[in-house]
Structures are given as structure tokens and as C-alpha cells.
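So the structure is just underneath, and the comments pick up after that.
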Amino acid sequence: LQTPLPIGQNLEIALIFNTLLRFFFVWSGLKLAMALPGTDRWKQWRYWGYAVLMALWLQMNMMDVLMAATTGHFLLLALSTHRNVWLAPAAGLVVLGLLVKTIIGMPAAMMYGVTCWLTMGGNIWIGRSRGRPQGSPLRLSMRLFMRDWKNLSIWLAVPVVVFVTIWLLLFRSFEGFGEMLLGTLYLTAGNSAAVCHYPPNNWWLLGGFWLLFLLWPVLVKETRLVWWVLLLPVFAFWKYGISREDIWHIQTSWRFFGWVFGVLLLHLDRFKWQPYVIALAAWGCFYGNLKNSESGSPYELRGWGLPHFWAWTAHFSEKKQAAAASAAEKIKTAVLPDSIRTIIGNRTIDIFPWHYAYAAANQFNVQPRHIPQSYAAYHPWLDGQDAAFFSDVESPDFILFHLKPYGEGGQFMGLDDRYLLNDAPETLLQILDRYKVRARHPKYILLEKTDAHFLGERKSIDFTPNWPQ
């Protein structure tokens, strides 16, 4: 949906989905701007100001940020209008986000859970000084829970029921459901230590961002409840960007933070210049560190918007043909010699460690493992899933083990030039045990499955090194 390949109906589905998503992002944002309290004059300024910001965000953002932001709009509508019906579209977006990508689904789910907790049974007026419950967030939350725990339980259960229903419609059984949830947990939890580039950050700037954001509910008290709704998503997008910290991931975090500060400013009940200064300073601090990320570069506004939309709708056939031609041209380097393709034929094959362009370029009969990129199997459970896959009788007949050229730091280099033998060690042992070399090339090794076992029985030996003091 976000970066579709020109295969089948992918582009048509993505175009329709993103058009609807952008419409609901704008519609829900304008609806929220009109629902918030304030003088007529201030409401008009705020409405058109937020419309301009949304036009900018439509230019800057793709599906990941827009889905989370649209979910936030619906949830904040539920808070500001005291109508729980707005939780329904938010619940749908939460489920869709979880099915598409963790960084979309998790922040949306966090906002949904906090909003449900805050809206059940209380008169919460965002941006008003009168009628708002007093006390700490914990005490307020406990009081609301005791008042309306049944309603709260129902709304918290809605996305769970929708998620399970979609799963059953797709797969007709619960087989693999638990493994999917557990795998998602391990993929999310282990990402920080596994894929970070560890660039030399400017922690004064990043510290300034966090200091200003954490001081926001103290300095801008009328938006305190909105800040609580956004706190966990801000941390989730922070983790998403800092865990990887290449320019693409960290810019996604920065773009989401832009929406966060924009929607916080939207909830001011009158104009005050201080919150705008705080928001620009915090957002600017985070932007100042972008240049330190991997492949860091200044942000460039991309060609999204109405002209781009018109080009893809009025001339869709030409755009699709051009995309298909471009994709075919780019994967030509992955086309294998006829001798190798003859050996493989229509038998099953998997690609290791991650470059599945070989499968598309050669029209292979692919039988992929559970975690199709080896670097992502960074937890023993994930590694074990792929190891069990290659030890099974239904494992693929061949493995195309692609290598880096000799002159690029060594052949056993994976994604981000990681030392490949450190990725998925149990999986690699199973491959060495069950597969033999069928063909060699400087860029790849073709492995074929056999009935033999090439590795002996493994034994663990207790050993304590006696390092010199």
C-alpha cells in the first residue's frame, strides 16, 4: 500500500487506498478543528491555519504517518465531542495499521487505548478550563474506569474482535495466529539492538527536543490531556527512528512529530505565541540532528499533492507501464545465466539472505522462509522458525545464496554490511547440514537439498575462560 510494485492490481489498490486515506485525513482534521471550543474569530483562524498545515503534511507524508495521524484525529474528536461513535473508525484504522506495519499499528493502538481510558464516563473538555475533571491523570483514570468499566471494556474489545474477524476471513482458521503475534512482538522488541547504525548524534539537540516536549503539559496546561494521548506514540516513533537511524527512518519520526505539535497547537482555546515558539524549537531541535544520521541530508519536499494525483489518475495506464518498465530494467542485473535457470527449472527455491529481486527477475517458484530477510531473525525464536523451515520435508529444493563482490568488504556481508555468519546462526547451520553446493559464482552459490546430513551431532561444552588480569 505504501510502496507498491507494478504487479497485478497493486498500483490500483494502492491508489484507491491512499486517495481515501488522504481524504479522511483532511476531513477528520477539519472536523476536529470545527469541534474545538473558542471564539468565532479564533476558530476561523485556527480552522484555516490547520488546513494549511494539513496541505503541507499531505505533501510531506506517506501512508505511515497519515494513518497514525488520521487515527489521532478521530480519537481527539471522541474526546472533544464526547461522542464515542468516533472511536469506531479509529478502531478500524488501528487494526488496518497493525496488519500493514507495526510502526503504524502500535502508535495508533496506544492512542486508542489511552483515549478509551480517558473518555469513559467523564466530562473531559479539551481546551476548556471549566468542567474539566481535576486531579492527577492516574487518579482521573481510575475514577473513570470505576464509573464506566463496561463501556470501556467493550470499546477496548472492538479492535480485537475486528482483528480476529479479518484473520479468520483471510485464513479460515486460527492456525498461525499465535505465532504471528509472538513473532511481531520479537521483531518489535529486538529491533533496537539489531539494526541501529549508531551515528554520532548531537544529544544536546535531541535532549532539547525531549525537554521541551516533556515540559509541554506544564507550560501549556489546556492541552494536557491531548499531550497524554500523544505521549506513547511519540515514544514509539522516536524508537522507530533512533533504533535504525538512517535518514529515511529518522525523517519519518520527524514528520510525525510535526503533526504532533500541530495538533497540540490546534487545541489552544486562544492565540498565545509561547506554545508556537516551544513547538518550533522542539521540532527544530530534532531536525537539527537529522544530518548526523546514516546518509543524512537536508529534507526535500517531494512531488506529492494534487498535480501528482492528477498525473496518476488521468494518465494511469501510461504511469503504470512506465513503472513496470523501470522495475524490469532495474532487476536485469539479477537475471541468472540460462545454465543456472535450467538446473532450477520449476522446482522450489528460496533466496538467502534477503535479495528477492532474483526471484522476480528469473520467475522462480519461490517458497520463502518465515522471516525472509536474514538480518531480521535477531531473536532465537525467530531464528528457530527459519531453522525449522529448512529442516522440514517441505523445505525448498534450492537456495540461492547471494554474495557481495570480492571488492566490497568480503563476500559474506549482509544488509548494512553486517557480517553474514552472525545473522540467523541456527538457520545457517540447518542450511549447511541439509544442502550441498550445486553451482558457484562470484555473486552467488546455488545450493541443492539432499537427504544427507553433513554436520555431526552438536554438543555444548562448559568452558570458563581464564583471562589474564
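Residue indices begin at 1 and follow the sequence shown.
- For Asp350 (side chain) and Val366 (main-chain N/O), no donor-acceptor pair under 3.5 Å exists by modelled atom type.
- Atom CD1 of Ile104 sits about 9.5 Å away from atom CE of Met62, to the nearest 0.5 Å.
- Applying the 6.0 Å contact sphere to NZ of Lys31 captures no more than 12 heavy atoms from other residues, nucleotides or ligands.
- Distance alone, capped at 3.5 Å, is enough to place a donor-acceptor pair between the Thr342 side chain and the Asp338 backbone.
- With hydrogens and angles ignored, the 3.5 Å screen pairs no side-chain donor or acceptor of Lys436 with any backbone N or O of Phe454.
- Asp386 contributes a side-chain N or O that, together with a main-chain N or O of Ile371, makes up a donor-acceptor pair within less than 3.5 Å.
- The CD1 atom of Ile343 lies 12.0 Å from the CZ atom of Arg341; values are rounded to the nearest 0.5 Å.
- Considering only heavy atoms from C-beta on, Tyr435 comes within 4.5 Å of Phe390 through its side chain.
- Considering only heavy atoms from C-beta on, Leu432 comes within 4.5 Å of Leu455 through its side chain.
- Looking only at distances, no side-chain donor or acceptor of Asn362 sits under 3.5 Å from a matching main-chain atom of Phe364.
- The ring of Phe352 has its center no closer than 6.0 angstrom to the ring center of His402.
- Around the OH atom of Tyr358, the shell of radius 6.0 Å holds more than 12 heavy atoms that belong to other residues, nucleotides or ligands.
- Under the 3.5 Å distance criterion, the side-chain polar atoms of Asp392 are left unmatched by any main-chain donor or acceptor of Ala388.
- Of all non-hydrogen atoms in Gly262 and Trp57, the two that sit nearest each other are CA-CH2, 3.8 Å.
- Nearest heavy atom pair, residue Gly288 against residue Leu205, reads C-CD1, 3.6 Å.
- Two residues are said to be in side-chain contact when any heavy atoms from C-beta on lie closer than 4.5 Å; Leu75 and Leu79 fail this criterion.
- Ring orientation note: the planes of Trp86 and Phe74 are close to parallel, at an angle under 30° on the 30°/60° scale.
- Remark: His355 NE2 to Ile331 CD1 distance equals 10.0 Å, nearest 0.5 Å.
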Given Val65 and Thr252, is the side-chain contact (heavy atoms from CB on, under 4.5 Å) satisfied, shown in steps?
CA-CA 7 Å; Val65 171; Thr252 301; 4.0 Å; yes
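- Minimum heavy-atom separation, Ala323 to Leu11: CB-CD1, 4.4 Å.
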Please lay out, stage by stage, how Leu429 and Asp433 fare under the test side-chain contact (heavy atoms from CB on, under 4.5 Å).
CA-CA 6 Å; Leu429 285 173; Asp433 185 43; over 6 Å; no
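- Taking the six-membered ring where the residue is Trp, Trp381 and Tyr186 present tilted rings, their angle falling between 30° and 60°.
- In this structure, CG in Asn201 is found 5.5 Å from CD1 in Ile242, a value given to the nearest 0.5 Å.
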List the steps, then state whether side-chain contact (heavy atoms from CB on, under 4.5 Å) holds for Leu96 with Val100.
CA-CA 6 Å; Leu96 186 58; Val100 172; 4.2 Å; yes
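- A salt bridge links Glu448 and Arg347; the closest N-O separation between the charged side-chain nitrogens and carboxylate oxygens is under 4.0 Å.
- Taking the six-membered ring where tryptophan is involved, the planes of Phe213 and Phe209 are essentially parallel, since the angle between them stays under 30° and well short of 60°.
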Between Leu20 and Phe25, is the side-chain contact (heavy atoms from CB on, under 4.5 Å) condition met? List the steps.
CA-CA 9 Å; Leu20 291 174; Phe25 170 72; over 6 Å; no
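- Ion pair Arg244/Glu294 not flagged as a salt bridge, since none of the NZ, NE, NH1 or NH2 atoms sits closer than 4.0 Å to an Asp/Glu carboxylate oxygen.
- Interatomic distance, Leu32 CG to Leu77 CG, rounded to the nearest 0.5 Å: 5.0 Å.
- At a threshold of 4.5 Å between non-hydrogen side-chain atoms, the residues Gln367 and Ile349 do not count as touching.
- In summary, the aromatic rings of Phe163 and Trp167 are positioned with their centroids too far apart to meet the 6.0 Å limit.
- Using a 30° and 60° split on the angle between ring planes, His370 and Phe389 fall in the perpendicular class, above 60°.
- Within the 4.5 Å cutoff, the side chain of His379 has no heavy atoms near those of the Leu187 side chain.
- Trp283 is linked by a ring-ring contact (aromatic ring centres under 6.0 Å, His included) to Trp254, counting only residues two or more places apart in sequence or in another chain.
- Nearest heavy atoms, Leu382 versus Ala376: CD1-O, 3.6 Å.
- For Ala282 against Phe261, the heavy-atom pair with the smallest separation is CB-CZ, 3.4 Å.
- Side chain of Ser326 to main chain of Ala322: no donor-acceptor pair is present (N/O by atom type, distance under 3.5 Å, no hydrogens or angles).
- The two residues Pro199 and Glu245 come nearest to each other via the heavy atoms CG-CD, 3.4 Å.
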Run the numbers on Asp246 and Ser295 for side-chain hydrogen bond (donor to acceptor under 3.5 Å, both in side chains), then give the verdict.
CA-CA 6 Å; Asp246 59 7; Ser295 304; over 6 Å; no
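- Judged purely by distance below 3.5 Å, without hydrogens or angles, the side chains of Tyr240 and Asp64 never pair a donor atom with an acceptor atom.
- With rounding to the nearest 0.5 Å, the separation of CG in Asn289 from CD1 in Ile250 is 7.0 Å.
- Contact of the Ile103 side chain with the Pro107 side chain is registered, since non-hydrogen atoms from C-beta on lie closer than 4.5 Å.
- Take Tyr112 and apply the ring-ring contact (aromatic ring centres under 6.0 Å, His included) test, not counting sequence neighbours, and it matches no residue.
- Between Cys285 and Leu206 the shortest side-chain heavy-atom distance does not fall below 4.5 Å.
- Residues Thr348 and Asn365 bring no donor and acceptor atom of their side chains to less than 3.5 Å of each other.
- Checking each of Phe257, Phe286, Phe256, Trp259 against Phe237 for a ring-ring contact (aromatic ring centres under 6.0 Å, His included) leaves exactly one that passes, namely Phe256.
- Side-chain contact between His73 and Phe24: absent, with no pair of heavy atoms (C-beta onward) separated by less than 4.5 Å.
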